[in-house]
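For the numbers below, each heavy atom of this structure counts, side chains included, while hydrogens, waters and symmetry mates do not. By convention in this document, chain letters (A, B, ...) are assigned in the order of the sequence lines, proteins followed by strands, and residues within each chain are numbered from 1.
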Protein chains: 2
Amino acid sequence: MAKYSRKMACTTCCLTQSIFRGLSPEQLEILNENRHEVEFNAGEIMFKQGTALTHIACILQGMVKIYIEGLNKKNLLIKVARENAIIGGPGMYVDFIHHFSVAALTDVQTCFIDVNSLEKIMKMNQNLALNILKKNNIQGIQNFKKFINLTQKHMSGRIADALLYLADEIHNATSFETPLSRQDIADLTSMSKESAIRILKEFKDARIIELSNNHFTIHDREALVKISDKG
Amino acid sequence: MAKYSRKMACTTCCLTQSIFRGLSPEQLEILNENRHEVEFNAGEIMFKQGTALTHIACILQGMVKIYIEGLNKKNLLIKVARENAIIGGPGMYVDFIHHFSVAALTDVQTCFIDVNSLEKIMKMNQNLALNILKKNNIQGIQNFKKFINLTQKHMSGRIADALLYLADEIHNATSFETPLSRQDIADLTSMSKESAIRILKEFKDARIIELSNNHFTIHDREALVKISDKG
DNA sequence: ATAAAATATTGATATTAATCAACATATACT
DNA sequence: AGTATATGTTGATTAATATCAATATTTTAT
C-alpha cells in the first residue's frame with residue numbers, strides 16, 4: 001500500500017469517457033470528493049478475494065492482474081487491466097465481497113471510489129447504472145469466450161489465445177514486454193507452468209513467435225489464429 | 001414454436017417478485033401490453049446463439065437448458081432454468097445478440113418481453129436497472145465458481161458438483177427425475193459422455209447415489225461434498 | 001407389436017497434460 | 001562482487017481423460 005495524493009480532478013480525468021460519461025458537473029464533483037488516489041508497488045495486492053468490496057478502483061497508470069484464487073493454491077487469471085480500466089466485480093449489489101483478487105504487475109497509480117458514493121450517483125443519474133450494466137455484459141461475453149477457450153481447446157490453442165490477447169487487447173503491438181511471469185501465463189491458460197513453457201518453446205521453434213525472457217514478438221499472426229481456431 | 005395465448009396479467013404474476021419488484025402499476029401495465037406467451041415443446045430451441053436478442057424470456061412452467069455452442073459441435077451447458085427464471089443474456093446493451101442458445105428440456109410455457117419495452121421501463125424506474133445489475137452479478141459469481149469447477153477439478157469433482165447443483169438448486173430434493181440426457185450432463189461438466197457415465201457408475205457402485213435411467217437419488221450427500229471439495 | 005433410430009453402456013487403446021526431478025538462469029540481498 | 005532466492009527450462013514418468021469400437025437399452029415411428 002502507499003501514499004495518498006490528489007493529482008487530478010474527475011472533471012479532467014479521461015475516465016469520464018468510460019462508465020462515467022453522461023454525468024453532470026455536479027455529479028462529477030461528488031465523485032471527486034469521494035475518491036482518493038493510491039499507489040501500489042509491483043507485486044502488491046490491491047483487492048484480496050474474500051474481503052469487503054467497499055471501493056471500486058480505476059487504474060490511472062500501470063498494469064494489474066485480476067485472478068480467482070481457486071483450489072490448492074491454484075489461481076485462474078481472468079484478465080489483465082491497465083490504464084483507464086475500472087475494476088468493480090460481481091460482488092457489487094450482491095454480497096459486497098470481492099470475488100477475485102487484484103495484484104499490481106507493475107507499479108500502479110489508482111483511484112479508489114467508495115461504493116456508497118457510486119450508489120448515490122447511480123440513483124441520481126440512470127446513465128451510470130446502464131453503463132455499468134453494459135460493461136458487466138461485455139465482461140460476461142468475454143467470460144463465455146473464456147469458458148470455451150479453457151474447456152474445449154488443447155494447450156496450444158489456449159496459449160495462442162493468450163498471446164493474441166496480450167498483443168491485441170493489452171499491448172496493441174505485435175512486439176511487447178510483458179510483466180506476466182511464466183506462472184501467470186500458465187494461470188491465464190489454466191495449465192501447468194511447465195506445459196506453458198513447453199508450448200511457448202514449440203511456437204518459438206516453429207518461428208511463430210520470438211521470445212527472450214519477457215519480450216515477445218509475434219512473427220506469424222495467422223498461424224496463431226489458426227491454432228486458436230482449431231482448438 | 002407454438003401457439004399464442006394470454007393467460008395471465010403481469011399484476012398477478014409471481015415474477016413481479018423478481019427483477020420486476022418495485023414497478024408501479026402503470027409500469028406493470030406497460031409490461032403487460034408488451035408481452036406474449038409462447039409454448040415450446042420439449043427439444044425445441046427458444047433462443048439460438050448468434051441471432052438477434054429482441055426479447056427476454058420468462059419461464060412460467062417447465063425446464064430449459066442454457067448452453068454455449070462451442071467448437072466442433074461441442075456444447076457447454078451453463079445452467080438449467082425453470083419456473084420463475086428470467087432469461088436475458090450478456091448481449092443486452094452490448095450487441096443485442098444471443099451469446100448462448102436456450103432449448104426446452106420439457107414442454108415449457110414462456111412469456112416473452114421485448115427489450116425496447118424493457119428499456120423504456122428501465123428509464124422510468126431505476127429499480128429495474130439495479131435489479132438486473134444485481135441479477136447479472138449473481139450470475140457472474142456463479143460463473144466464477146464454474147470456472148474453478150471446470151478448470152481445476154477432476155472428473156469426479158465435476159460430476160459431484162453437477163449432482164449437487166441439480167439436487168440443491170434445480171430440484172430441491174435428494175431424489176429427482178432429470179430431463180437431462182447423459183450428453184447434457186457431460187456438457188454441464190465439460191467431459192465426454194462416456195466419462196460422465198463412468199463416473200456416475202463409480203458413484204453408484206460406491207453407494208453414493210442410486211440411479212436408474214434418469215432417476216437420481218443421492219444417498220451420501222457428505223461424500224459428494226467431500227469429492228467436490230477435494231477437486 | 002415391431003422395426004428403426006436414438007441414447008446409453010462398457011472395455012480397450014491412444015492422447016493429452018500433470019507431476020516429479022534435475023538443472024539453469026535471473027534477481028535480490030548483503 | 002558473491003551468495004541466496006526466486007523464476008525459468010528440460011526430460012522422464014505417471015496420471016487423467018478422450019476416442020474408438022462394440023453392444024445394450026430405450027424411445028419413436030409405423
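You'll find that the side chain of B:H154 is closest to D:dT17, out of D:dG8, D:dT17, C:dA8. For B:M155, the side-chain atoms get nearest to D:dA18 when compared with the rest of C:dA8, D:dA18, C:dA17.
Base engagement by A:E194 is indicated by at least one non-hydrogen atom pair under 4.0 Å involving a base atom. At a threshold of 4.0 angstrom between heavy atoms, the contacts of A:S192 include nucleobase atoms, whether or not backbone atoms are also involved.
Note: B:I209 CD1 to B:T217 OG1 = 9.0 Å, rounded to the nearest 0.5 Å.
Ring to ring, A:F47 and A:F112 are close: their centroids are under 6.0 angstrom apart.
In this structure, CD1 of B:I199 is placed 13 Å from P of C:dT10, rounded to the nearest angstrom. Residue B:M191 contributes atom CE, which lies 13 Å from atom P of D:dT19 at whole-angstrom precision. D:dA16 atom P lies 11 Å from atom CD of B:E202, rounded to whole Å.
When the side-chain nitrogen and oxygen atoms of B:K201 are compared with OP1 and OP2 of C:dT10, one or more of them lie within a distance under 4.0 Å. A close approach under 4.0 Å does occur between a side-chain nitrogen or oxygen of B:R182 and OP1 or OP2 of C:dT9. Between B:S195 and D:dA18, a side-chain N or O to OP1/OP2 separation shorter than 4.0 Å is present. OP1 or OP2 of D:dT26 sits under 4.0 Å from a side-chain N or O of B:N213.
Of the possible polar contacts, one joining the A:D184 side chain to the A:S181 backbone as a donor-acceptor pair under 3.5 Å is found. B:R82 contributes no side-chain N or O that, together with a main-chain N or O of B:Q61, makes up a donor-acceptor pair within less than 3.5 Å.
A donor-acceptor contact under 3.5 Å is formed by the side chain of B:R198 with the base of C:dG11.
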